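If you read the sequence from its start, that first residue is 1, and numbering goes on from there. Because the structure is predicted, anything quoted here is derived from the model rather than measured.
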Amino acid sequence: MTNVVRKEQFILPEGVIYLDGNSLGPMPKSVPARLANVMNEEWAQMLIGGWNKAGWMAQPSEVGNSVGRLVGAAAGSVVMGDTLSVKVYQALAAGIKMRPERRVILSDTGNFPSDLYMAEGLVGLLGQGYELRTVAPEEVAKSITDDIAVVMLTQVDYRSGRVHDMPAMTKLAHDAGAVMVWDLAHSAGAIPVDLAASNCEFAVGCTYKYLNGGPGAPAFIYVRPDLADTAEPALSGWLGHANPFDFDLHYTPGKGIERMRVGTPPVLQMAALEEAMKVWDGVDMADVRQASIALQEQFIEEVEQAVPELELASPRDSSTRGSQVSFRFEHGYAAMQAVIERGVVGDFRAPDIMRFGFTPLYLDSGDVSAAVAVIKDVMTNALWDDPKYKVRSRVT
Ligand SMILES: *Cc1c(COP(=O)(O)O)cnc(C)c1O
């Protein structure tokens, strides 16, 4: 296995062991200079000319290709823009349009709420008997019936890290005549994904988690190449138009994946992401996966030995777990705040999940042991049992 650790390419605050790259990746070292350059040399000097001269308009597709490489998408099948919630809506709407005789979106109760909320908004708008049906994650396979228009699943569960079998679920959806939409929020940059081989119609994901694009980094959408010229984008903004600068009064979708663009791209965020993606040059996701599993197995073993009262909330079988490990603890919120104050940053997900992300690009086994020592101290000495750790912040 090739070593994937490239800690020297990231800025990590002194004394911090960062186990939250699954929520917001740290900043690659080269990003500030790149942003300064975009601001000082491009925005300031080129002004509106930057759209052509600095290539701002082409960036959503170019960056889409570098993200696409990590998720097994062919060049030209991924484009960046908007936020993940918006891309979920777009994929669902396009999928629904492909099955006009059907009315049901199927998802599961382990999905990230925003995906479900976006589906609720869409079926509410459509009316006419459209419905979002949610079942337990283990029930999805047997719930893919022939009234389902779109199956929408998040591959890696944000709380437990449980992984859906992408090829198998996609095949079940297709056998039932449904369109398959995958959310790769906790997959891209975390585990190997082969979108092309899965044959799914759509996939979406964000880039501020494992891809380190920074807070507010643009999301991505993948459309299977054979559908890219017919999928209806639903969010018919001018930059998805075939000829935006014709200022035509009517919408004509653009060629291929470009039609999934909506409005003006966030140029500064896109530049930060483009720079952050360079960290992945030459990285093979199979190596990342192997390193991630090794770190997770070490963490589980050491935590269970040091703190038996923490209950594993993630699948024990590493082949069905993403790149995070979660433990259940009644006072998980307070415990996580106490752990964070001691330099080990994970996060908390209601009602009782302490979540730790493993990102081999900037974590090694020494970090894992040091993190476990802090968790052990907090737990065995009940350091969490302090009123100051029980006040909930806006973001947990
Ligand atoms: C992180 C995440 C989101 C967040 O959506 P944004 O629009 O980027 O805020 C949505 N869905 C899933 C599955 C996520 O993990």
Side-chain angles (χ1 to χ4, degrees), residues 28 30-84 86-87 90-91 94 184 188-189 195-196 202-208 211-214 216-225 227-231 233-248 251-282:
S30 62
V31 167
R34 171 69 190 273
L35 280 186
N37 184 270
V38 173
M39 291 195 280
N40 297 325
E41 308 303 324
E42 298 181 1
W43 180 13
Q45 297 303 320
M46 297 176 187
L47 297 162
I48 199 166
W51 288 109
N52 292 320
K53 279 190 256 169
W56 295 340
M57 202 45 97
Q59 259 177 344
S61 306
E62 288 169 6
V63 178
N65 286 338
S66 62
V67 172
R69 177 182 81 80
L70 295 184
V71 292
S77 59
V78 172
V79 75
M80 312 304 299
D82 316 295
T83 76
L84 175 51
V86 173
K87 283 345 216 183
Q90 219 180 4
L184 304 178
L195 278 179
F202 298 97
V204 294
C206 55
T207 59
Y208 48 79
L211 298 181
N212 315 308
F220 66 89
I221 185 165
Y222 160 85
V223 181
R224 204 173 70 197
L227 301 170
D229 281 325
T230 50
L235 300 173
S236 36
W238 74 306
L239 291 186
H241 191 281
N243 300 296
F245 287 88
D246 283 0
F247 297 104
D248 201 339
Y251 182 76
T252 309
K255 257 185 84 63
I257 192 69
E258 293 277 324
R259 65 179 52 200
M260 291 296 167
R261 293 177 63 162
V262 182
T264 304
V267 172
L268 298 180
Q269 290 274 192
M270 199 72 77
L273 173 63
E274 185 172 59
E275 192 62 35
M277 288 306 296
K278 292 181 183 164
V279 170
W280 296 92
D281 285 351

Nearest non-hydrogen partners of [X] and [Y], listed with the distance:
X    : Y    : value
M260 : V79  : CB-CG1, 3.9 Å
G214 : Q269 : O-NE2, 4.2 Å
M270 : P265 : CE-CB, 3.9 Å
G205 : L84  : N-CD1, 3.5 Å
P233 : Q90  : O-CG, 3.1 Å
A73  : V78  : CB-CG2, 3.7 Å

To the nearest 0.5 Å, what is the distance between [atom1] ([X]) and [atom2] ([Y])?
X    : Y    : atom1 : atom2 : answer
L273 : R34  : CG    : CZ    : 10.0 Å
F202 : S77  : CZ    : OG    : 12.5 Å
R259 : S236 : CZ    : OG    : 11.5 Å
N37  : Q45  : CG    : CD    : 10.5 Å
E258 : D229 : CD    : CG    : 11.0 Å
E62  : M80  : CD    : CE    : 12.5 Å

Does a side-chain heavy-atom distance below 4.5 Å link [X] with [Y]?
X    : Y    : value
L195 : L184 : yes
P253 : Y251 : yes
W238 : T264 : yes
L211 : W280 : yes
K87  : V262 : yes
M57  : L239 : yes
L35  : P32  : no
M277 : L70  : yes

Is I48 atom CD1 crowded by more than 12 heavy atoms from other residues, nucleotides or ligands, each under 6.0 Å away? no
Does W43 have more than 12 heavy atoms from other residues, nucleotides or ligands lying within 6.0 Å of its CH2? no
Per side chain to side chain contact (heavy atoms under 4.5 Å, CB included), E275 is matched among V63, V31, V38 by V31
Can you run down the ring pair (Phe, Tyr, Trp, His ring centres under 6.0 Å) pairs that involve residues 60-81, sequence neighbours left out, and say none if there aren't any? none
